[in-house]
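It should be emphasised that the depicted structure is a prediction, and the values quoted were computed from it without experimental measurement.
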Amino acid sequence: MKRLRGRTSGPRTPIALAIPALLAVAFLLLPLLGILVRTEWGELGAHLTTEGTTQALKLSLVVSFWALALSLLLGVPLAWLLARVDFPGKAVVRSLVLLPMVLPPTVGGVALLLAFGRRGLLGPWLEDTFGITLPFHTSGAVIAATFVAMPFLVISLEGALGGLSPRYEETAASLGASPVRVFRTVTLPMVAPGLIAGAALTWARALGEFGATITFAGNLPGSTQTLPLQVYLLLQDSPEAATSVSLLLLAIAMAVLVALRGRWMSTPGGRRGRRSGEPRGAKQLPTEPDAPRATEPEPTVAGASDAGTAGAGAAGAKPTVASPADAGPAVAGAAIGGSDVAKPTVAGTADAGSTGAEPAVAGTANAESTVAGAADAEPTNAGSDEPEPPNTDPAELPQAKPAPLTPPAPLTPDHWSLHAVLTGFNRLTLDAEPGTTIAVVGPNGAGKTTLLRALLGLTPRAHAELRLGGTDVTGLPPHRRHVSWVPQDGALFPHMSALANTAYGPRALGVPRAEARRRAQEWLDRLGVGHLAHRRPAQVSGGQAQRVALARALAARPRLLLLDEPLASLDQTTRAHVRHTLRTHLDTFGGVCLIVTHDPVEAVSLADRVLVLDEGLALQDETPAEVTRRPRSPWVARMLGRNAWPGVAAPEGLVLPGGGTLVTADPLPPGTEALAIIAPEAVSVHRDKPTGSPRNVWPGTIREITASGSRLRLLITSREAPDLVAEITPQAAAELGLTDGTSVWTSVKATETTVVPT
């Protein structure tokens, strides 16, 4: 097939598509050219300044603006309802909204006449009760224009609301804002482009309405004869004047489209550069990652004693902690039965050594550097009392050093304990004393986020009977519970500065503006981002944004703080600094904090307790050290970098599902369902079948070798045992000549296996 050659590189347009497309453009363009060609330009001014035309123009403007006002009054709430609320008959309501757009205007006029006319359904009642007569009156023209134009506003705004993530509104509610305040201060500003576009189209459609107006309101000069009706009359007496007035309406329509060119006249790809919710025209200031700072040691958990043989190269070697900051993805314990291969994780985090010593959590209090905010410095106008304009050139901003982290001090002596009974998808009871931090972990779909949303009162999937301190807040709406929520991305309001974001909660709770801003600035200073007070979210780095989000939550003085993977979107270095900041300020928090996380380092370093969920149930709720030493969930064991084999206790050990028995040093009562935990460092790897003390020996094949810090992790499959992960040194791997596909023997001492009842 022949193709048209394009001037730019890329696929050429097929002629079979190009010719019909050009014909379509000509079909749309020729009528407009006809108006331009036939217009008597010398008489244009005289035609547009006649008494009838000016009167019709004024009336058209009055009718169209009143129709716009009525459309805003009724259409904005309707658009919000369609976008945010699920209710029976929603599809029918949306069809009713679209109906005037496809209905012939004259039919719409007849329908209005039968509804609001003197013999209509409501007409007699309106006239008898209020003395209102709509047909053949200017108010009737307004009603007709509203009927045909309001759908443009509803559809445009509903699309904008549908593209706005509800997390912004939910976060605002958790900060104490009522639904009306949320709608006014968060929702409307964030959908303002869609609202403005819909309003402009609504006004233009109302200005050009003809059929419904002439049918319902008539064609009375000075009362209902709008500009389109004037064109209709002029066509009979003065076609040249009708052409001139038509040109005026055409110019108005083109002006509306030109004004909306950024939303309706550009390709979708041309609008992808802006961040979601970022104000149009805002210039993103260059932000530096929080990386160039003093290196901080990650929290580590004492590793298991090594039980490897000399032949494996593991004897005497201590397990290396593969923390997220300094290690690549490490092969986690494989899924039972070999269906799962490997998962990135942290290796060697618990003790299962032969000595029976309890695991020691090392470095969880002071492992982080205290200069977390020292390298967040960016050019700013922190000394100004006015917000920084979005288009400020970064080079013109004065250089300001970031404020150091201020030692935290509790702002309130209040202490709030937690008692929650959850039903529905989540079925558990949660009790915690003031100042307790609980890490919530579990596989995807376990109910972690559902738990948080139930405590907020935002989900029908689960119900929480919630008591904070001595106050039962079960029956209260989210904005009155004093429960602050920080979603994974922080959900900072993009149209507000960092200071305004942080002051939002206090202002919603009735704190005077000056006091709210003072409190907000104090919290920003405490978290080391006070110098960014007048920056918008698009103008700060990810780590800085998370600190602002945390400051915003704490400034509202919540009784319960919920953090949904607050560090998941950060790079590893930034995550370490923000984790240090978070831990520092949680130490003085007077309520209870729940943190959803998939990172074992976060669970160990931040939490006093670890709550393990699976399918909405609590499998384990103990200290990080106990969960690390004796995980009761295969998922948690693999998250911690351990091998986890389920089975049933027998006199000699654990009977595995695929056959065979794992010999253990301390067997449970026969018949008990249990989980065998084996540290990768406790697995010895040999090229030949070992002899000696190990009682658990299996042949296998290496399927994957992954670097984990300064050590290597081997995924070994076997027909006689579940998949097994071993950890050895690179030197041992070289001495043994290990590669993918190498046949090996593995052994585990009975004393190196921990059996936990499930």
Report yes if some heavy atom in the side chain of [X] is under 4.5 Å from a heavy atom in the side chain of [Y]; otherwise report no.
| X | Y | value |
| --- | --- | --- |
| L499 | Q521 | yes |
| L468 | V483 | yes |
| L492 | R552 | yes |
| E170 | L456 | no |
| L161 | W80 | yes |
| D614 | V612 | no |
| V191 | P193 | no |
| L418 | L594 | yes |

What distance separates [X] [atom1] from [Y] [atom2], expressed to the nearest 0.5 Å?
| X | Y | atom1 | atom2 | value |
| --- | --- | --- | --- | --- |
| L582 | T584 | CG | OG1 | 8.5 Å |
| L509 | H482 | CG | NE2 | 6.5 Å |
| R518 | R513 | CZ | CZ | 15.0 Å |
| R713 | R711 | CZ | CZ | 9.5 Å |
| L455 | L562 | CG | CG | 6.0 Å |
| L606 | C593 | CG | SG | 8.0 Å |

Would you name the heavy atoms of [X] and [Y] that are closest together and state the gap between them?
| X | Y | value |
| --- | --- | --- |
| G590 | P434 | O-CB, 3.4 Å |
| A556 | G505 | CB-CA, 4.2 Å |
| P506 | A555 | CG-O, 3.5 Å |
| L675 | S633 | CD2-C, 3.7 Å |
| A464 | A454 | CB-O, 3.6 Å |
| A516 | V511 | N-CG1, 3.6 Å |

Is there a donor-acceptor contact under 3.5 Å from the side chain of [X] to the main chain of [Y]?
| X | Y | result |
| --- | --- | --- |
| T459 | R453 | no |
| R184 | L188 | no |
| H415 | G469 | no |
| Q620 | R632 | yes |
| N643 | V725 | yes |
| H495 | T185 | yes |
| N501 | S497 | yes |
| K448 | G442 | yes |
| Q539 | H534 | no |

Just checking, is any N or O donor in the side chain of [X] or [Y] under 3.5 Å from an acceptor N or O on the other one?
| X | Y | result |
| --- | --- | --- |
| T449 | D564 | yes |
| E626 | T623 | no |
| D599 | T597 | no |
| T187 | E169 | yes |

Cation-pi check, R638 to W635: give yes when NZ or CZ is under 6.0 Å from the six-membered ring centre and within 45° of the ring axis, no otherwise.
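No; the conditions do not both hold, so R638 does not lie above the ring face of W635.
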
Take atom CD in E515; do more than 12 heavy atoms of anything else shown fall under 6.0 Å from it?
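Buried by this count: over 12 neighbours within 6.0 Å.
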
Under the ring-ring contact (aromatic ring centres under 6.0 Å, His included) test, residues paired with F493 that sit two or more places apart:
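Partners of F493 under the ring-ring contact (aromatic ring centres under 6.0 Å, His included) test: Y504.
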
Residues forming a side chain to side chain contact (heavy atoms under 4.5 Å, CB included) with R427, sequence neighbours excluded
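Partners of R427 under the side chain to side chain contact (heavy atoms under 4.5 Å, CB included) test: L617.
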
As a quick check of understanding, evaluate side-chain contact (heavy atoms from CB on, under 4.5 Å) for V596 and L452, giving each step before the final call.
CA-CA 9 Å; V596 171; L452 302 192; 3.6 Å; yes

Check against side-chain contact (heavy atoms from CB on, under 4.5 Å), L164 and R84:
CA-CA 10 Å; L164 175 64; R84 285 288 185 260; 3.8 Å; yes

Assess whether side-chain contact (heavy atoms from CB on, under 4.5 Å) is satisfied between I595 and L586, documenting all intermediate values.
CA-CA 11 Å; I595 303 178; L586 286 179; 4.0 Å; yes

With P631, which of V636, V441, V610, L619 fulfils side chain to side chain contact (heavy atoms under 4.5 Å, CB included)?
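Passing option: V636.
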
Is there a side-chain contact (heavy atoms from CB on, under 4.5 Å) between S605 and R579? Walk through the geometry before answering.
CA-CA 8 Å; S605 63; R579 181 167 55 243; 3.1 Å; yes

Side-chain donor-acceptor pairs under 3.5 Å in residues 173-182, sequence neighbours left out?
{"from": "S174", "atom 1": "OG", "to": "T171", "atom 2": "O", "distance (Å)": "2.7"}
{"from": "S174", "atom 1": "OG", "to": "W485", "atom 2": "N", "distance (Å)": "3.3"}
{"from": "S178", "atom 1": "OG", "to": "R181", "atom 2": "N", "distance (Å)": "3.3"}

